[in-house]
Amino acid sequence: MKIIVTGGAGFIGGNFVYYLLKNSDDEVVCYDKLTYAGNLETLADAMKSPKFKFVRGDISNREEVYKLFEEENPDIIVNFAAESHVDRSIEDPELFLRTNIIGTSILLDACKKFGIKRYHQVSTDEVYGDLPLDRPDLFFTEKTNLHTSSPYSASKASADLLVQAYSRTYQIPATISRCSNNYGPYHFPEKLIPLMIINALNDKKLPVYGKGINVRDWLYVEDHCSAIDLIIRKGKVGEIYNVGGHNEKTNLEVVKTILKILGKSEDLIEFVTDRKGHDQRYAIDPTKISTELGWTPQTKFDDGIKKTVAWYLENKSWWEKIISGEYKNYYAKMYDNR
Ligand code: NAD
Ligand code: TYD
């Protein structure tokens, strides 16, 4: 089969490309605009495989997407391409609407026009909004109402609704997965875990928003990849699957764990002004994917975070190039005088 992975030069898409190359005989085409978050160095090893091809393009450009479908005639499309950072969406929502909503609708139009065996939408648990900190008994299920907080999550929820509409109206064979926070190799350093690892390595302050008590449910990226792989092969058309491994941690716990692994002082922690509209707690109930598809996550947080820190130590050239470029301006804008 031929699988198009949109956004495959980013964090999770890149890991998914490697997952497919390692675990299947499928041909893999990565389609990516190479925004600030896309990085061809992430795909350097994939480029060596005869099963892999890279095409540069924008999911919100209809002409480019139709050309891609005409030339590649894919069996499956897995859509990772998105603007993915909540803080950037708070600064500038419009790009999120164009890529995440219009881009998804154009991919779906292409599936309708050219035909597809499966369209898979990589969504997020953030479409459910947040849970209160004092109700540890509550979890997101596939039946939880959509209740978004940020322009990012609103754009992802809109895309999910479009996927469901196209599935019902035009019988596009679609599935959706809604995963909790991922961590692991190739994670862009604007996000919590890589940002804290890199700052700690450089003895820079670690900017924790608010009191650091917000809770995220962390999943090692390879476990997310295995879930998507199962869904595209065995998942039921028209269904939504929540993906998460019950690894809930406060941000402060995560940051302290990283400092401990690196042998750095907690004095590096600096509490800064909170994120606007900051979601309190995310927590996935993965019962459906576990019972219906037999998915089980393999990596516990304590092991995954050690592997992740080790990866950043061993791959300094990957992230040093990023933080010495445009990222410097981003960092100054978001964190100086915060
Ligand atoms: P990322 O920001 O690291 O990568 C996004 C990739 O998409 C980049 O390679 C970028 O160049 C590409 N892209 C952006 N706009 C594009 C466009 N218009 N056309 C083509 N390519 C474009 O993101 P990520 O963290 O890997 O997330 C991937 C997907 O998974 C997103 O849809 C995100 O909503 C979802 N998700 C992420 C997490 C997480 O914890 N990171 C959790 C659940 C779901
Ligand atoms: P992030 O990695 O941006 O993922 P998301 O907002 O999509 O969950 O942030 C994870 C948590 O870490 C979130 O509660 C915000 C917090 N955070 C900080 O405290 N400091 C930071 O510098 C960043 C980037 C995030």
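Counting convention: from 1, in listed order, for ligands and their atoms alike. None of the values given here were measured: they were computed from a predicted structure.
- The N/O atoms of Lys191, backbone and side chain alike, include none that comes under 3.5 Å of an N/O atom in ligand 2.
- Under a cutoff of 6.0 Å and an axis angle of 45°, Arg281 and Phe140 do not form a cation-pi pair.
- Minimum interatomic distance between Gly8 and Asp32 (heavy atoms only, all atoms of both residues): N-OD2, 3.3 Å.
- Between Pro207 and ligand 2, at least one N/O pair is under 3.5 Å apart.
- Checked against a 3.5 angstrom limit, the closest N/O atoms of Asn251 and ligand 2 fall inside it.
- Residue contact check for ligand 1: Tyr152 places a non-hydrogen atom closer than 4.0 Å to it.
- At least one N or O atom of Asn181, backbone or side chain, sits closer than 3.5 Å to an N or O atom of ligand 2.
- From the protein, the heavy atom lying nearest to atom 37 (C) of ligand 1 is Ile12 CD1, 3.4 Å.
- Taking all heavy atoms of Thr104, Thr99, Ile228 into account, the minimum distance to atom 15 (N) of ligand 1 is reached by Thr99.
- No heavy atom of Gly14 sits closer than 4.0 Å to any atom of ligand 1.
- The protein non-hydrogen atom at the shortest distance from atom 21 (N) of ligand 1 is Lys33 N, 3.1 Å.
- Interface of Tyr335 with ligand 2, defined as ligand atoms under 4.0 Å from a residue heavy atom, comprises 21 (C), 22 (O), 23 (C), 24 (C).
- Closest to atom 2 (O) of ligand 2 among all protein heavy atoms lies Leu192 N, 2.9 Å.
- In this structure, Tyr282 has a heavy atom closer than 4.0 Å to ligand 2.
- Salt bridge present: Asp160 and Arg178 bring a charged side-chain N and a carboxylate O closer than 4.0 Å.
- Of the candidates Glu190, Arg281, Arg275, the one placing a heavy atom closest to atom 3 (O) of ligand 2 is Arg275.
- Residue-ligand proximity: Met334 is placed with every non-hydrogen atom at 4.0 Å or more from ligand 2.
- Here the protein heavy atom with the shortest distance to atom 32 (O) of ligand 1 is Lys156 NZ, 2.7 Å.
- Protein heavy atom in closest approach to atom 19 (O) of ligand 2: Tyr209 N, 2.8 Å.
- Residue Trp218 has no nitrogen or oxygen atom sitting less than 3.5 Å from a nitrogen or oxygen atom of ligand 2, judged on distance alone.
- Where the criterion is an N or O separation shorter than 3.5 Å, residue side chain and backbone included, Arg216 meets it with respect to ligand 2.
- Of the candidates Val5, Leu107, Thr35, it is Thr35 that places a heavy atom closest to atom 13 (N) of ligand 1.
- For the pair Asp279 and ligand 2, the shortest N or O to N or O distance does not fall below 3.5 Å.
- Judged by the 6.0 Å distance and 45° axis criteria, Arg275 is not positioned over the aromatic ring of Tyr209.
- In Glu126, neither the side chain nor the backbone holds a heavy atom less than 4.0 Å from any atom of ligand 1.
- Glu72 is linked by a side chain to side chain donor-acceptor pair (under 3.5 Å) to Lys2, Lys53, counting only residues two or more places apart in sequence or in another chain.
- Counting only heavy atoms of the protein, atom 14 (O) of ligand 2 lies nearest to His278 NE2, 2.7 Å.
- For ligand 2, the atoms lying closer than 4.0 Å to a non-hydrogen atom of His85 are 3 (O).
- The protein heavy atom nearest to atom 7 (O) of ligand 2 is Glu126 OE2, 2.6 Å.
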